[in-house]
Amino acid sequence: MGRRVKVGDIYTFRLPNGKYVFIRVHQDGVIAVYKKRSDSSEDLPKQEEHEFFVCVYKHCYRNWQFVENRPFEREEESWAPPFCWVDQITGEGALYYRGEKKSCTYEECKDLEILAVWDENHLTDRIMGDSKWQDSFRKPVPKN
């Protein structure tokens, strides 16, 4: 049986180019992908500089190496920024923040990360700069 994933955990995995990427677990199934890439799985980021935040499937952690748990200083820091939840029927966006969906204007959500659950191969593609599959995400449309 594997280790139980906890908020504040840092994991790493090797990219196709041989570099290591680091992620940190946040509340609500979200991970933060650190900007820093490294030649060693032991060269952890010292600064909290993130490239992006996404949700991942739990099975992803089985393939990743646990590095350490770095507790958040304040509970507020353990939450990711808001996401845009796109209704698949109407195309209208809503804010998804701290586990809740709230109405918003098109302007409030049009530039936010689209809420989706990612698998490891899609995450790796995005980190490596291949995001053509993102075109399949439905973008929010302005309300009439």
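Just so it is clear, the structure is predicted and the values come from calculations on it, not from any experiment. Count residues from 1 along the sequence.
Between Thr90 and Asp87, the shortest heavy-atom contact is N-OD1, 2.8 Å.
How far CD of Glu48 is from CZ of Phe72: 6.5 Å, rounded to the nearest 0.5 Å. Distance CZ/Phe53 to CZ/Arg24: 9.5 Å, rounded to 0.5 Å. A distance of 13.0 Å separates OG1 of Thr124 from CZ of Arg14, quoted to the nearest 0.5 Å. Taken from OG in Ser78 to NE2 in His26, the straight-line distance is 8.0 Å, to the nearest 0.5 Å. Put simply, NZ on Lys102 and SG on Cys109 are 14.5 Å apart, with the number rounded to the nearest 0.5 Å. Here CG of Asp130 is found 12.0 Å from CZ of Arg126. Values are rounded to the nearest 0.5 Å.
When the shell of 6.0 Å around CD of Glu75 is examined, it contains more than 12 heavy atoms from other residues, nucleotides or ligands. For Trp64, the CH2 atom counts as densely surrounded, since its 6.0 Å shell holds more than 12 non-hydrogen atoms of other residues, nucleotides or ligands.
Geometric assessment of Arg37 against the ring of Tyr20 yields a negative cation-pi assignment under the 6.0 Å and 45° thresholds.
The hydrophobic clustering, which links ILVMFWY residues whose side-chain heavy atoms are closer than 4.5 Å, places Ile127 and Val30 apart. By the criterion of side-chain heavy atoms lying less than 4.5 angstrom apart, applied directly or through intervening Ile, Leu, Val, Met, Phe, Trp or Tyr residues, Val117 is not grouped with Val7; the two fall into different hydrophobic clusters. At a threshold of 4.5 Å between side-chain heavy atoms, the hydrophobic network of Ile, Leu, Val, Met, Phe, Trp and Tyr places Phe52 and Tyr57 in two separate groups. Both Val33 and Met128 belong to a single network of hydrophobic side chains, linked directly or stepwise wherever heavy atoms of I, L, V, M, F, W or Y lie under 4.5 Å apart.
Side-chain contact between Gln47 and Tyr34 is absent, with no heavy-atom pair separated by less than 4.5 Å. With contacts defined as side-chain heavy-atom distances shorter than 4.5 Å, the pair Ile31/Trp118 does not qualify. No side-chain heavy atom of Ile10 sits less than 4.5 Å from a side-chain heavy atom of Ile23. Glu92 places none of its side-chain heavy atoms less than 4.5 Å from the side chain of Val86. Using a 4.5 Å heavy-atom cutoff, the side chains of Ser41 and Val67 are not in contact. Counting heavy atoms from C-beta on, the side chains of Leu115 and Tyr96 come closer than 4.5 Å.
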>> As a quick check of understanding, evaluate side-chain contact (heavy atoms from CB on, under 4.5 Å) for Leu95 and Trp85, giving each step before the final call.
In response: CA-CA 6 Å; Leu95 286 179; Trp85 176 310; over 6 Å; no

>> Evaluate Val56 against Leu123 for side-chain contact (heavy atoms from CB on, under 4.5 Å), listing each step before the verdict.
In response: CA-CA 8 Å; Val56 294; Leu123 183 62; 4.3 Å; yes

> Are Leu44 and Glu68 close enough, and set up right, to give a side-chain contact (heavy atoms from CB on, under 4.5 Å), and what steps lead you there?
Replying inline: CA-CA 9 Å; Leu44 275 84; Glu68 70 177 25; 3.6 Å; yes

>> Could you go through His50 and Lys36, starting from their C-alpha distance and side-chain angles, then the distance that decides it, and tell me whether this counts as side-chain contact (heavy atoms from CB on, under 4.5 Å)?
In response: CA-CA 8 Å; His50 304 107; Lys36 178 181 179 165; over 6 Å; no

> Could you go step by step and tell me if Glu120 and Arg62 meet the salt bridge (charged side-chain N to carboxylate O under 4.0 Å, His left out) rule?
Replying inline: CA-CA 10 Å; Glu120 184 176 2; Arg62 287 184 287 206; over 6 Å; no

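Checked by atom type and distance alone, the side chain of Asn17 pairs as donor or acceptor with a backbone atom of Lys19 at under 3.5 Å. Listed for the Glu73 side chain is no donor-acceptor partner under 3.5 Å among the backbone atoms of Pro71. No donor-acceptor pair under 3.5 Å is formed between the side chain of Asp119 and the backbone N or O of His122. For the pair Asp9 (side chain) and Asn69 (backbone), a donor-acceptor distance under 3.5 Å is absent. Remark: side-chain polar atoms of Thr12 are not paired, donor with acceptor, to backbone N or O of Phe22 under 3.5 angstrom. Between the side chain of Glu100 and the main chain of Tyr97, no donor-acceptor pair closer than 3.5 Å is present.
Separation of the Tyr61 and Tyr11 ring centroids falls under the 6.0 Å cut-off.
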